[in-house]
2 protein chains.
Amino acid sequence: MCPSEAGVEPRRGPTAYRPAQQRIIDAALVLFAEHGVNATSLQMIADAIGVTKAAVYHQFRSKDQIVLAVAEVVLAGLEAAVEAAEAEESRARAREVLISAMIELGVERRLMTRILQRDPVMLRFQNEHEPFRKIMERLNRILMGGSKGPEARVRAAMISAAIAGAVVHPLVEELDDEALRSQLLDLARKCFRPLQ
Amino acid sequence: MCPSEAGVEPRRGPTAYRPAQQRIIDAALVLFAEHGVNATSLQMIADAIGVTKAAVYHQFRSKDQIVLAVAEVVLAGLEAAVEAAEAEESRARAREVLISAMIELGVERRLMTRILQRDPVMLRFQNEHEPFRKIMERLNRILMGGSKGPEARVRAAMISAAIAGAVVHPLVEELDDEALRSQLLDLARKCFRPLQ
DNA sequence: GTCTATATGAAGATAGAC
DNA sequence: GTCTATCTTCATATAGAC
């Protein structure tokens with residue numbers, strides 16, 4: 001669990017953000033999760049941090065750049081999880097590690113999970129942005145555990161949907177992170193491990 | 001399976017739509033699924049059926065009314081599934097019937113499923129629209145099978161997320177309805193029945 | 001039921017001062 | 001880094017003719 005925990009930290013690699021930019025990213029993340037990307041105007045973001053639209057434009061050239069920045073934060077977390085899983089030796093173990101990391105990630109950052117899987121803009125982004133697509137392919141490959149048929153596809157789809165969807169489900173909104181995490185880990189073990 | 005199959009038909013109860021309205025609803029459903037509700041303009045809907053915006057406004061007083069109409073179609077399907085399940089005598093059997101009906105519904109109407117669970121506007125709608133909330137409560141109650149604790153909550157969240165999320169997952173996009181349905185039914189049985 | 005034309009407002013974006 | 005002011009574009013919505 002150590003590698004995924006460490007990797008979950010939003011790493012600043014190629015792109016480091018200035019404090020003013022980071023404030024915008026943080027505010028955008030919350031608003032995107034609440035209203036969706038499309039329904040979040042620059043005005044709303046500006047209001048949330050108490051500046052004007054023009055000030056936001058001084059930090060990011062366009063709304064797309066803000067979406068990109070938010071997506072990169074999300075991407076970093078997933079990438080770390082996938083890399084931790086790929087470092088394992090057996091396919092079965094890689095799958096377990098990945099599922100655990102996905103649960104950690106999803107619980108710890110519910111807002112991001114919500115955006116990542118639900119927002120039409122983000123979903124389109126996942127299809128069109130090359131680095132993002134690569135990560136999702138690696139993630140799916142691990143979940144499918146070497147197979148490529150319909151059964152493996154549906155199984156992998158169910159697993160990621162179950163995890164990502166459960167953490168943002170209204171039914172668990174009031175559960176604290178610890179309770180949610182342990183229940184999910186437990187259920188995931190029962191549901192999905194025997195299938196391998 | 002007969003009751004759920006029969007019930008899945010979009011029933012026209014209190015609100016019957018004129019043909020011109022129905023064309024709008026059908027077009028809107030497709031566009032909402034593709035672009036999200038917010039990113040779908042009345043112009044796009046009008047273009048899709050080959051009329052002008054004004055003609056659309058003649059059928060629905062506002063965009064909200066169109067969203068409402070689309071939501072009602074979605075709601076009708078879910079309601080039928082819930083009612084079929086509630087007609088069962090044992091809780092375990094009700095849960096099985098509901099899960100099967102959810103899979104049928106989800107596979108048969110993937111577009112709707114996508115909108116229902118992913119769109120921020122629809123999600124808000126589910127929270128605020130009383131009839132919709134009631135249905136979701138009944139559905140969740142059946143899935144939780146009498147319990148109310150964290151474990152039951154997470155389990156129910158996982159089940160509905162797994163089904164609804166799997167049918168719209170990119171991994172299964174190319175599978176035909178029959179393959180997807182049978183795989184899902186099979187996996188759902190393996191994963192979720194023993195837990196009850 | 002559908003059209004043309006138009007009002008109104010909000011969103012993304014830029015220019016230039018402080 | 002932030003402001004005021006302004007531009008353009010597009011979306012919702014209405015009026016009134018055919």
Side-chain angles (χ1 to χ4, degrees), chain A residues 12 15-72 115 118-125 128-129, chain B residues 12 15-72 115 118-125 128-129:
Chain A
R12 281 286 73 74
T15 41
Y17 294 109
R18 295 186 291 276
Q21 288 182 313
Q22 195 58 54
R23 263 176 286 145
I24 292 171
I25 293 174
D26 293 342
L29 189 68
V30 176
L31 290 167
F32 287 173
E34 171 88 22
H35 307 282
V37 175
N38 259 318
T40 302
S41 67
L42 293 184
Q43 189 63 66
M44 290 163 77
I45 297 175
D47 289 349
I49 53 182
V51 298
T52 60
K53 261 199 297 184
V56 174
Y57 269 104
H58 186 257
Q59 302 301 333
F60 289 97
R61 281 167 48 178
S62 69
K63 186 180 175 181
D64 275 357
Q65 293 300 309
I66 300 178
V67 175
L68 187 77
V70 170
E72 260 182 18
I115 301 173
R118 285 188 170 175
D119 199 280
V121 175
M122 279 295 164
L123 291 167
R124 170 154 314 185
F125 188 79
E128 290 169 6
H129 190 61
Chain B
R12 282 283 75 75
T15 40
Y17 294 109
R18 295 184 292 275
Q21 287 182 313
Q22 194 57 52
R23 265 177 284 145
I24 292 172
I25 293 175
D26 294 341
L29 190 68
V30 176
L31 289 167
F32 287 172
E34 172 86 22
H35 307 280
V37 175
N38 261 317
T40 301
S41 67
L42 293 185
Q43 188 64 64
M44 291 162 76
I45 297 175
D47 288 349
I49 53 182
V51 297
T52 61
K53 264 197 299 185
V56 175
Y57 268 104
H58 186 257
Q59 302 301 333
F60 289 97
R61 281 169 49 181
S62 69
K63 186 180 175 181
D64 275 357
Q65 294 299 308
I66 299 178
V67 175
L68 187 77
V70 170
E72 261 182 17
I115 302 174
R118 286 190 169 172
D119 198 279
V121 175
M122 279 295 164
L123 291 166
R124 168 154 316 184
F125 188 80
E128 291 170 5
H129 190 62

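Letters A, B, ... mirror the listed sequences (proteins, then strands); counts begin at 1. Because the structure is predicted, anything quoted here is derived from the model rather than measured.
Residue A:Val51 has its side chain nearest to D:dC3 when only D:dC3, D:dT12, C:dG1 are considered. Counting only heavy atoms from C-beta on, A:Lys63 has its side chain closest to C:dA13 among C:dA13, D:dT14, D:dT12. With D:dA15, D:dT4, D:dG1 as the candidates, the nucleotide lying closest to the side chain of B:Ala54 is D:dA15. Listed candidates were C:dA13, C:dT2, D:dA13. Nearest to the side chain of B:Ser62 is D:dA13. Each of D:dG1, C:dA11, D:dT12 was ranked by its minimum atom distance to the side chain of A:His58; first place goes to D:dG1.
Within 4.0 Å (heavy atoms only), B:Thr52 reaches at least one base atom of the nucleic acid.
A distance-only check finds no donor-acceptor pair linking the side chain of B:Gln65 to the backbone of B:Phe60 [under 3.5 Å]. In terms of modelled atom types and a separation under 3.5 Å, the side chain of A:Lys63 and the main chain of A:Val37 share a donor-acceptor contact. Under a 3.5 Å cut-off, the side chain of A:Gln59 and the backbone N or O of A:Ala20 do not form any donor-acceptor pair. Side chain of A:Gln22 to main chain of A:Pro19: no donor-acceptor pair is present (N/O by atom type, distance under 3.5 Å, no hydrogens or angles).
At whole-Å resolution of the value, CD in B:Gln59 and P in C:dC3 are 11 Å apart. What separates CG of A:Asp64 from C1' of C:dA11 is a distance of 14 Å, to the nearest Å. Between the OH atom of A:Tyr57 and the P atom of C:dA15 there is a distance of 13 Å, rounded to whole Å. At whole-Å resolution of the value, CZ in B:Arg61 and P in D:dT14 are 8 Å apart. For A:Gln65 and C:dA13, the CD to C1' distance is 14 Å, given to the nearest whole Å. Nucleotide D:dC3 holds its C1' atom 14 Å from the CD1 atom of A:Ile49, rounded to whole Å.
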